[in-house]
2 protein chains.
Amino acid sequence: MEPTATVLDLNQLRRSCSTCALHELCLPAGIGVDDLNRLDATVKDKRMLDRGAVLYRDGDKFDALYVVRSGSLKTFVQNEAGDMQILAFHLPGEIIGFDALASNQHVSQAEALERSSICELPYVQLQQVTSDVPALHRQLMRVISREVVEEHRHLMMMGRQQAQEQLATFLRSLSDRYQRLQRDGNALNLSMSRYDIANYLGLVVETVSRLFSRMEEMGVLEVNRKSVRILRPDLLASLCRTDAASKQKSSG
Amino acid sequence: MEPTATVLDLNQLRRSCSTCALHELCLPAGIGVDDLNRLDATVKDKRMLDRGAVLYRDGDKFDALYVVRSGSLKTFVQNEAGDMQILAFHLPGEIIGFDALASNQHVSQAEALERSSICELPYVQLQQVTSDVPALHRQLMRVISREVVEEHRHLMMMGRQQAQEQLATFLRSLSDRYQRLQRDGNALNLSMSRYDIANYLGLVVETVSRLFSRMEEMGVLEVNRKSVRILRPDLLASLCRTDAASKQKSSG
DNA sequence: CGATTTTTTGATTAACATCAAGACAAGTGG
DNA sequence: CCACTTGTCTTGATGTTAATCAAAAAATCG
């Protein structure tokens with residue numbers, strides 16, 4: 001490969017928060033121009049991660065938050081026995097690493113699902129900026145709060161929905177996030193494996209595979225390995241809940 | 001009832017953060033004396049809630065965070081169909097309401113499980129204090145982060161453990177929290193119903209009831225309705241995970 | 001291409017939900 | 001204080017969903 005290409009790439013990555021395409025979705029959302037430059041200065045050199053590369057692992061000292069700039073990652077926890085539970089899949093504009101604020105060390109692991117680029121926000125500097133810029137402080141709190149709310153959705157999904165509803169909900173939420181990124185919400189490109197999807201939903205891989213097949217038979221999806229096209233968004237929506245009346249499971 | 005008793009009660013409740021028994025477990029943890037007085041000034045009149053009383057509900061405008069001072073609460077979300085998912089049970093010293101930071105309105109409901117008293121932290125004032133007192137800002141971030149970490153535990157429990165392991169894990173975590181409150185960690189007083197426990201774990205009430213019976217037969221617990229005595233903490237611990245080797249479910 | 005991993009499909013089983021009913025505690029009103 | 005209601009909890013019998021076991025097909029990789 002020619003060096004020019006690489007240099008261009010790096011320059012592209014080097015562009016600031018102010019000109020970043022994710023501007024309105026990321027930490028800068030709702031921040032004034034002056035303050036934005038300050039934030040910009042704290043964002044450290046962007047990192048590239050290859051598929052499978054680990055951004056941080058359980059036990060790592062906390063020293064930065066990270067923003068997904070392109071690509072995608074998964075975060076997960078592991079117990080003593082080595083069982084893994086995937087917590088979330090992260091798309092561009094999303095900030096990760098908040099779990100480490102509590103104890104000053106990470107209690108989860110973040111791993112790239114594909115080649116991804118990352119903005120690093122060293123925490124000491126970020127703290128400096130946020131204490132000077134109240135708007136940024138509030139914005140940061142809002143972002144953590146969004147993570148809390150998202151986890152509530154995850155809990156509701158795992159606790160109260162059955163397998164097919166869960167997968168439908170998962171696909172719909174992915175579709176929504178695609179749209180917020182100005183992508184076609186009906187043409188999903190799943191960067192995670194079936195195994196990862198199953199784990200995220202608390203199922204086994206066979207179940208997920210069967211569900212994809214079933215939804216394809218129903219005409220809801222067109223599945224081609226990683227690429228999933230939503231043919232009938234309306235049907236998919238209806239699959240998120242089997243006729244309301246029909247279940248107990250401590251619904252309330 | 002005699003007015004004197006009521007007045008005394010109110011006075012007791014009115015005592016400040018500095019002298020509160022929960023001092024070291026609550027927001028003041030790690031805050032200096034001077035700053036503590038400032039925090040103290042922002043804590044609004046304490047509220048009493050009767051069993052079943054609602055502190056905030058889904059859709060309520062966000063204007064305060066709340067600290068459980070005595071008693072206990074549950075928080076839960078509900079979907080369109082009315083299905084409920086309990087997110088957590090909250091004991092004294094715990095701060096709730098963070099879900100509302102994201103959108104300026106609550107997206108969950110908090111309800112007292114027994115007669116409980118609550119400290120209210122009006123957010124506008126809290127924001128003022130935190131911007132003046134960086135230590136408090138950091139402490140607040142740590143507390144939200146703890147909530148995130150706790151939810152990771154909940155997700156791991158629901159996604160990867162089976163019913164008996166879940167209940168064992170739940171009881172153990174409750175026991176730990178009792179101990180942090182200087183209570184006997186082996187003499188639990190469950191303020192929540194079997195129904196609530198089942199919902200929290202993603203099970204039905206019959207399953208939970210059967211598990212209590214089974215654990216009693218095994219000699220792990222002595223169950224008497226709301227009162228649960230842990231007879232064999234060691235056995236309980238071992239129940240949190242059936243022999244490590246024996247499962248798939250996308251463990252890693 | 002052979003080797004390994006991922007995904008799909010089928011057959012069987014286990015875990016938990018559902019259905020049904022009784023036991024027990026806590027009110028409630030007479 | 002007692003009959004009666006109501007809600008919570010327990011226990012048993014049966015059913016269903018998703019896990020497990022097994023193996024082949026498809027994709028990825030060196």
Side-chain angles (χ1 to χ4, degrees), chain A residues 50-52 74 83 113-115 157-168 170 189-217 221-228 239 241-243 245-252, chain B residues 50-52 74 83 113-115 157-168 170 189-217 221-228 239 241-243 245-252:
Chain A
D50 281 326
R51 173 164 149 60
K74 65 178 171 187
D83 296 337
L113 291 167
E114 59 193 312
R115 191 165 166 75
M157 187 163 75
M158 292 229 290
R160 304 260 79 77
Q161 294 190 294
Q162 46 190 166
Q164 181 173 270
E165 302 171 318
Q166 284 189 80
L167 185 59
F170 168 70
N189 230 304
L190 306 178
S191 58
M192 69 293 291
S193 66
R194 296 284 189 272
Y195 179 98
D196 284 342
I197 296 173
N199 183 288
Y200 175 75
L201 299 176
L203 304 169
V204 295
V205 66
E206 294 95 323
T207 304
V208 167
S209 180
R210 273 184 253 271
L211 287 172
F212 270 119
S213 304
R214 197 200 299 178
M215 287 185 179
E216 195 164 25
E217 277 167 29
L221 305 176
E222 184 180 281
V223 183
N224 208 305
R225 211 156 174 80
K226 298 281 180 196
S227 131
V228 171
L239 289 182
R241 175 122 304 270
T242 42
D243 60 299
S246 79
K247 7 185 356 195
Q248 190 204 349
K249 221 185 182 188
S250 333
S251 326
Chain B
D50 281 326
R51 175 165 146 61
K74 64 177 171 188
D83 296 337
L113 292 167
E114 59 192 311
R115 192 166 166 75
M157 187 164 75
M158 292 231 287
R160 304 259 78 78
Q161 294 191 294
Q162 45 192 124
Q164 181 172 273
E165 302 171 317
Q166 285 189 78
L167 185 59
F170 168 70
N189 229 305
L190 306 179
S191 57
M192 69 294 290
S193 66
R194 296 284 190 273
Y195 179 98
D196 284 342
I197 297 173
N199 184 288
Y200 175 75
L201 299 175
L203 304 169
V204 295
V205 66
E206 295 95 325
T207 304
V208 168
S209 179
R210 273 184 254 271
L211 288 171
F212 270 119
S213 304
R214 197 200 300 176
M215 286 184 179
E216 196 165 25
E217 275 168 31
L221 305 176
E222 184 179 280
V223 182
N224 207 306
R225 218 163 170 74
K226 297 281 179 195
S227 131
V228 172
L239 288 183
R241 173 124 305 270
T242 42
D243 59 299
S246 78
K247 5 186 354 194
Q248 188 204 353
K249 222 186 183 188
S250 333
S251 326

(request) Using whole Å, report how far CG of A:Asn224 lies from P of D:dA25. (result) 19 Å
(request) Calculate the interatomic distance between A:Asp196 atom CG and C:dT6 atom P; express it in whole Å. (result) 9 Å
(message) Is B:Thr207 close enough to C:dA17 that one of its side-chain N or O atoms is under 4.0 Å from OP1 or OP2 there?
(response) yes
(message) B:Ala163: which residues meet the side chain to side chain contact (heavy atoms under 4.5 Å, CB included) condition with it, sequence neighbours left out?
(response) B:Leu203, B:Thr207, B:Leu211
(request) Can you tell me the distance, in whole Å, between the CD atom of B:Glu217 and the C1' atom of D:dG12? (result) 13 Å
(message) If I take atom CG in residue A:Asn199 and atom P in nucleotide D:dA18, what distance separates them, rounded to the nearest angstrom?
(response) 17 Å
(request) Measure the distance from CD on B:Gln162 to C1' on D:dT20 and round it to the nearest whole Å. (result) 12 Å
(message) Counting C-beta onward and ignoring hydrogens, is there a side-chain heavy-atom pair between B:Arg214 and B:Gln164 closer than 4.5 Å?
(response) yes
(message) Could you walk me through whether B:Phe212 and B:Leu190 satisfy the side-chain contact (heavy atoms from CB on, under 4.5 Å) test, starting with their C-alpha distance in whole Å, then the side-chain angles of each, then the deciding distance to 0.1 Å, before giving a yes or no?
(response) CA-CA 13 Å; B:Phe212 270 119; B:Leu190 306 179; 3.9 Å; yes
(request) Could you walk me through whether A:Ile197 and A:Leu167 pass side-chain contact (heavy atoms from CB on, under 4.5 Å), step by step? (result) CA-CA 8 Å; A:Ile197 296 173; A:Leu167 185 59; 4.0 Å; yes
(message) Going by side chain to side chain contact (heavy atoms under 4.5 Å, CB included), name the residues that satisfy it together with A:Ser209, two or more places apart in sequence or in a different chain.
(response) none
(request) Figure out the CG/P separation between A:Leu167 and D:dA18, and round it to whole Å. (result) 12 Å
(request) Using whole Å, report how far CD of A:Glu216 lies from C1' of C:dT9. (result) 14 Å
(message) Between the opening five pairs and the closing five pairs of the helix from C:dC1-D:dG30 to C:dG30-D:dC1, how far apart are the helix axes, to 10°?
(response) 50°
Restricting to nitrogen or oxygen on both sides, can you table the protein-nucleotides 8-10 of chain D pairs closer than 3.5 Å?
{"from": "D:dC9", "atom 1": "OP1", "to": "B:Lys226", "atom 2": "NZ", "distance (Å)": "3.4"}
{"from": "D:dC9", "atom 1": "OP2", "to": "B:Arg194", "atom 2": "N", "distance (Å)": "3.1"}
{"from": "D:dT10", "atom 1": "OP1", "to": "B:Arg194", "atom 2": "NH2", "distance (Å)": "3.3"}
{"from": "D:dT10", "atom 1": "OP2", "to": "B:Arg194", "atom 2": "NE", "distance (Å)": "2.8"}
{"from": "D:dT10", "atom 1": "OP2", "to": "B:Ser209", "atom 2": "OG", "distance (Å)": "3.0"}
{"from": "D:dT10", "atom 1": "O5'", "to": "B:Ser209", "atom 2": "OG", "distance (Å)": "3.1"}

(message) Between A:Met192 and A:Tyr200, is there a side-chain heavy-atom distance shorter than 4.5 Å?
(response) no
(message) B:Asp50: which residues meet the side-chain hydrogen bond (donor to acceptor under 3.5 Å, both in side chains) condition with it, sequence neighbours left out?
(response) B:Arg115
(message) Tell me every residue that passes side chain to side chain contact (heavy atoms under 4.5 Å, CB included) with A:Arg210, counting only those two or more places apart in sequence or in another chain.
(response) A:Glu206
(message) Tell me the interatomic distance from A:Arg214, atom CZ, to C:dG10, atom C1', rounded to whole angstroms.
(response) 15 Å
(request) Show your reasoning for whether side-chain contact (heavy atoms from CB on, under 4.5 Å) applies to B:Gln161 and B:Arg241. (result) CA-CA 8 Å; B:Gln161 294 191 294; B:Arg241 173 124 305 270; 3.8 Å; yes
